[in-house]
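Comments concern the structure below.
Order of listing sets the numbers, starting from 1, for every ligand and every atom in it. Only a predicted model underlies this, so the values are computations on that prediction, with no experimental measurement involved.
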Amino acid sequence: MIPAAYAVLNLDAVWHNLSKVRSCAPHAKVMAVIKANGYGHGLLRIAEALQDVDAFAVARVDEGIRLREAGFNNRIAVLEGFTGAEELDELLHYQLDAVVHSSIQLEILEARTVQGACAVWLKLDTGMNRLGFKARELSAAYQRLKQCTQVKQPINLMTHFANADDINDKKTLKQISLFNETVAGLSGELSMANSAGILGWEQSLSDWVRPGIMLYGVSPFPDSTGQQLGLKPVMALHSRLIAVKQIEAGDTVGYGGSWICEKSTSLGVVAIGYGDGYPRYAKVGTPVLVNGRRVPLIGRVSMDMITVDLETEGYAKPGDLVTLWGEGLPVEEIARCADTIPYTLVCGVTQRVQIIEKTSER
Ligand SMILES: *Cc1c(COP(=O)(O)O)cnc(C)c1O
């Protein structure tokens with residue numbers, strides 16, 4: 001049975017995008033960020049496609065455990081670290097790298113005396129003001145970690161950018177120099193760059209890079225598409241027309257009747273909605289491909305359906321292919337039409353959407 005809503009994942013594109021990371025940062029080790037279910041593409045599937053990276057990064061301990069239990073032996077860093085002793089024990093047991101960003105974590109580490117040690121990424125807050133030690137606190141934290149029997153030496157050092165997606169924002173340069181000044185003289189490997197850093201800030205490349213969104217073929221910048229940056233989109237979201245009908249001037253379409261027909265036209269109903277992860281706030285006029293050609297969204301997005309104006313697609317009929325994003329319709333463009341970022345769209349594809357993997361032999 002062909003499902004109504006389905007996402008085609010081109011896993012060869014993951015491979016291509018990884019080679020783009022390597023060509024931008026030829027001297028860096030790659031920590032592939034596969035948190036949030038591989039940005040909505042499937043944690044294990046993406047881990048499989050990226051098997052020969054130097055490390056994976058996930059946000060939470062349970063994501064790391066899922067990878068271990070599926071048999072992945074790669075190095076895995078947990079970006080949010082641990083919150084209590086119990087999570088620390090899990091990190092140690094499953095041999096996951098911990099990001100250490102707070103003094104509470106130092107206390108937990110110092111109080112622990114179980115067998116085993118884990119690798120640590122000590123996080124410096126250079127201006128994101130989310131996780132990490134301030135520059136003035138870093139040296140003391142580093143020394144404390146050095147004394148911890150539970151910590152593998154040397155300690156690695158990292159920071160995260162707040163505005164790297166804005167190529168004109170000097171804040172990134174300030175973050176880079178604060179990081180470099182603060183870690184000078186400390187031993188251990190260094191890591192700063194996310195996708196925007198890798199693609200836009202050469203100064204941010206260091207021992208390790210941490211690409212996320214670019215691995216999925218999506219641009220980290222607001223004004224470009226992955227394709228324009230030499231990336232290949234991994235996900236395409238499809239469905240089909242399930243009804244086509246004539247509507248007349250004055251008819252309203254959808255909940256709230258917010259869209260009023262100005263002149264008679266042909267209306268198409270597509271089996272996709274916010275229950276599948278299509279954005280509820282996509283504006284009237286958001287492009288949708290019907291049989292590969294653009295038509296505008298009209299009316300409100302509902303849970304299971306959207307409506308499109310088929311004025312220019314007179315021959316379209318129920319069963320015809322619809323593309324919500326994918327080839328010919330960048331997810332970045334849909335994100336702009338819905339006042340969001342493409343990260344939320346790919347992460348938000350729901351359980352109901354059937355996944356179809358596309359690979360060719362390598
Ligand atoms: C999510 C994340 C990344 C990857 O960011 P992208 O913008 O998707 O490349 C890198 N580092 C940290 C700490 C993150 O949380």
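With sequence neighbours left out, the side chain to side chain contact (heavy atoms under 4.5 Å, CB included) criterion links Glu262 to no other residue.
Follow the hydrophobic side-chain contacts under 4.5 Å out from Leu205 and you reach Val33 in the same cluster. Cluster membership check: Phe221 shares its hydrophobic cluster with Leu345, using side-chain heavy-atom separations under 4.5 Å among Ile, Leu, Val, Met, Phe, Trp and Tyr.
Considering only non-hydrogen protein atoms, atom 2 (C) of ligand 1 sits nearest to Lys35 NZ, 2.5 Å. Among protein heavy atoms, the minimum distance from atom 9 (O) of ligand 1 is reached at Ser195 OG, 2.5 Å. Protein heavy atom in closest approach to atom 11 (N) of ligand 1: Arg210 NE, 2.9 Å. Looking only at protein heavy atoms, the nearest one to atom 12 (C) of ligand 1 is His160 CE1, 3.4 Å. Summary of contacts: the protein heavy atom closest to atom 4 (C) of ligand 1 is Tyr39 OH, 3.4 Å.
With ligand atoms numbered from 1 in the order given, ligand 1 contributes 4 (C), 6 (P), 8 (O), 9 (O) to contacts under 4.0 Å with heavy atoms of Gly212. Of all atoms in ligand 1, numbered sequentially from 1 with element shown, those under 4.0 Å from a heavy atom of Tyr343 are 6 (P), 7 (O), 8 (O).
Under the 3.5 Å distance criterion, with hydrogens and angles disregarded, no donor-acceptor pair is assigned to the side chains of Asn163 and Thr172. There is no side-chain donor-acceptor pair under 3.5 Å between Lys123 and Asn156.
Contact annotation for Ile213 and ligand 1: heavy atoms of both the backbone and the side chain come within less than 4.0 Å of the ligand. With a 4.0 Å cut-off on non-hydrogen atoms, Met214 does not touch ligand 1 at all.
Using a 4.5 Å cut-off between side-chain heavy atoms of Ile, Leu, Val, Met, Phe, Trp and Tyr, Ile356 falls into a hydrophobic cluster with Tyr6, Val8, Leu321.
Using bins of under 30°, 30° to 60° and over 60° for the plane-to-plane angle, the ring pair Tyr39/Tyr216 lands in the parallel bin.
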